[in-house]
Amino acid sequence: MGEILVGTCSWTDPALVSSGWYPKGARGAEGRLRHYASRFPVVEADSTFYALPAERVSALWAERTPEGFLFDVKAFALLTGHGARVGALPAPLRPTGLEPTAWVRKSQMSAGVVEEVWGRFRAGVAPLRDAGRLGSVLFQFSPWFRPGARAQAYIEECAERAGAPIAVEFRHPEWLAPDRIAATTGFLRERGIPLVAVDTLQGLPDSVPPVAEATAPGLSVVRFHGRSPHWGTGTKESKYRHHYTRDELSGWVPRVRALAERTEQVHVLFNNCCARASVEAAETMSGLLAEAPGRSDSSDRVREALPDS
């Protein structure tokens with residue numbers, strides 16, 4: 001039975017920071033991370049999606065967390081088919097003639113600039129990798145990233161160029177349509193790339209099926225985005241605003257444990273924003289997993305994530 005680590009998709013989300021979850025003595029950057037790491041064994045760094053990671057910052061993250069703590073790092077937006085603000089790029093890489101608030105895509109950039117973006121991303125996460133704190137690099141591909149030979153070739157390119165193990169989350173539903181699931185999971189399994197399972201409200205045009213398949217021996221990832229009816233259409237806040245109930249999470253417990261039977265480690269991450277919603281859901285899931293019959297030795301570590309009674 002593999003180890004199951006539960007956490008959230010950010011420790012710096014403004015709604016969480018302002019919710020009062022962090023104690024008064026832990027409201028600076030260092031204090032927040034140290035406090036979070038005392039409650040959970042894994043976290044997703046989402047700031048790296050919006051701007052290239054800085055080596056200095058990654059080194060501080062490693063220094064401020066205990067041995068065994070892991071960061072899953074989101075790949076920079078430009079590398080996943082999304083747009084990025086011009087101002088998010090280092091000054092030497094910014095396209096000329098565009099305002100900092102303008103959006104740019106990888107296709108608008110020269111091959112040399114794209115190569116430099118890859119290099120800076122690898123360098124930015126290197127301190128986490130070298131310290132043993134890097135779980136994986138999450139490639140959350142855009143809703144426009146459709147299945148096909150070209151897309152598969154790019155996934156292979158990402159795996160080669162990321163400088164660390166990657167995990168893949170699809171936002172285009174066709175990747176996991178009933179007639180394509182076998183092909184998608186087979187492609188990833190042959191290359192040892194984890195498929196990220198997602199929980200969202202089903203029945204919407206952009207709903208991605210919650211397929212939980214182990215496609216890599218070392219890692220499986222499950223991301224809980226909430227069950228908002230605004231998924232795919234609303235603002236960032238409205239898309240992810242949801243308070244998970246115990247019953248909603250209970251249905252995932254056997255699926256998470258089934259993944260743990262097939263991989264060495266499972267990361268269960270909550271991306272539902274709204275004050276303390278993500279940390280409360282993570283605490284609830286940790287408790288449910290600790291209660292599950294036949295739990296692995298890692299259950300002791302899961303229990304460490306629970307709040308003191």
Side-chain angles (χ1 to χ4, degrees), residues 5 7 9-11 33 41-65 67-84 88-94 104-107 109-142 145 150-170 187-196 215-221 223 263-267 269:
L5 308 183
C9 290
S10 173
W11 73 96
L33 181 54
V42 65
V43 75
E44 182 179 292
D46 69 342
S47 61
T48 53
F49 178 80
Y50 302 100
L52 286 166
E55 293 179 66
R56 179 184 61 82
V57 174
S58 293
L60 288 174
W61 290 350
E63 292 173 8
R64 293 168 177 175
T65 50
E67 184 176 352
F69 186 87
L70 292 176
F71 291 84
D72 284 350
V73 176
K74 287 187 75 173
F76 183 47
L78 283 180
L79 303 177
T80 61
H82 293 86
L89 291 167
L93 304 185
R94 296 175 186 175
V104 65
R105 295 188 181 276
K106 184 165 69 71
S107 59
M109 306 171 73
S110 70
V113 170
V114 172
E115 182 66 32
E116 182 68 17
V117 169
W118 274 110
R120 292 192 183 217
F121 182 86
R122 286 193 299 269
V125 301
L128 293 175
R129 183 198 60 215
D130 296 344
R133 298 285 195 277
L134 183 59
S136 70
V137 177
L138 169 67
F139 279 80
Q140 177 189 295
F141 289 110
S142 77
F145 190 72
R150 183 178 178 182
Q152 290 179 340
Y154 185 66
I155 293 172
E156 292 177 324
E157 180 183 345
C158 292
E160 293 173 359
R161 303 182 74 174
I166 74 169
V168 168
E169 177 179 337
F170 296 114
F187 167 80
L188 295 175
R189 190 173 286 115
E190 289 174 3
R191 291 152 183 80
I193 299 174
L195 169 68
V196 177
T215 58
L219 178 67
S220 289
V221 182
R223 299 179 80 222
T263 51
E264 296 174 6
Q265 198 169 80
V266 182
H267 294 181
L269 299 164

Test Leu70 against His267 for side-chain contact (heavy atoms from CB on, under 4.5 Å), laying out the working first. CA-CA 10 Å; Leu70 292 176; His267 294 181; 3.8 Å; yes
*Is the Phe71 to Trp11 ring centre distance short of 6.0 Å?*
yes
Heavy atoms of Ser136 and Asp72 approach each other most closely as N-OD1, 3.2 Å
Correct closest heavy-atom pair for Val221 and Ala167 would be CG2-CB, 4.3 Å
Nearest heavy-atom contact between Pro127 and Ala62 is O-CB, 4.4 Å
Check: Gly124 main-chain N/O paired with Ser58 side-chain donor or acceptor under 3.5 Å: yes
In this structure, CD of Glu55 is separated from CG of Leu60 (nearest 0.5 Å) by 12.0 Å
So, do Thr215 and Glu190 sit near enough that their side-chain heavy atoms are less than 4.5 Å apart?
-> no
Just so I know, are the side chains of Trp61 and Leu128 near enough to count as touching, which here means a heavy-atom distance under 4.5 Å?
yes
Step-by-step side-chain contact (heavy atoms from CB on, under 4.5 Å) determination, Asp46 to Ser10:
CA-CA 6 Å; Asp46 69 342; Ser10 173; 3.7 Å; yes
Distance col, row Lys106:NZ vs Thr80:OG1, nearest 0.5 angstrom, shows 10.0 Å
All heavy atoms of Ala164 vs all of Val137, minimum pair found to be CB-CG2, 4.0 Å
- Task: Start with the C-alpha gap between Phe170 and Ile155, add the side-chain angles, then the distance that decides, and say whether side-chain contact (heavy atoms from CB on, under 4.5 Å) holds.
- Result: CA-CA 11 Å; Phe170 296 114; Ile155 293 172; 3.9 Å; yes
One should read off an interatomic distance between Phe69 CZ and Arg64 CZ, to the nearest 0.5 angstrom, of 13.0 Å
**OP:** Would you mind reporting whether Arg122 and Arg161 have side-chain heavy atoms less than 4.5 Å apart?
**Re:** yes
ask   = Val117 versus Phe76: any side-chain heavy-atom pair under 4.5 Å?
value = yes
Exercise. Considering only heavy atoms from C-beta outward, does the side chain of Leu138 approach that of Val196 to under 4.5 Å?
Worked result: yes
Distance col, row Met109:CE vs Arg94:CZ, nearest 0.5 angstrom, shows 11.0 Å
The reported gap from CG in Leu79 to CH2 in Trp118 (rounded to nearest 0.5 angstrom) is 4.5 Å
Practice task
Return yes if some donor-acceptor pair links the side-chain N/O of Arg223 with the main-chain N/O of Leu269 below 3.5 Å, else return no.
Solution key: no
**Request:** Decide yes or no for Gln140 and Phe145: does some side-chain heavy atom of the first lie under 4.5 Å from some side-chain heavy atom of the second?
**Result:** no
Exercise. So do the side chains of Val266 and Leu219 get within less than 4.5 Å of each other, counting heavy atoms only?
Worked result: no
For Ala159 and Ile193 the tightest heavy-atom approach is CB-CD1, 4.1 Å
Result for side chain to side chain contact (heavy atoms under 4.5 Å, CB included) between Arg133 and one of Val125, Thr65, Val73 points to Thr65
Nearest heavy-atom approach of Arg120 to Pro90 is NH1-CB, 3.2 Å
dist Glu115:CD -> Leu93:CG (nearest 0.5 Å) comes out at 11.5 Å
Requested in this report: For Thr48 and Ala75, indicate whether the former's side chain and the latter's backbone hold a donor-acceptor pair under 3.5 Å.
Outcome: no
| query | Taking the six-membered ring where the residue is Trp, are the ring centres of Phe141 and His82 under 6.0 Å apart? | reply | no
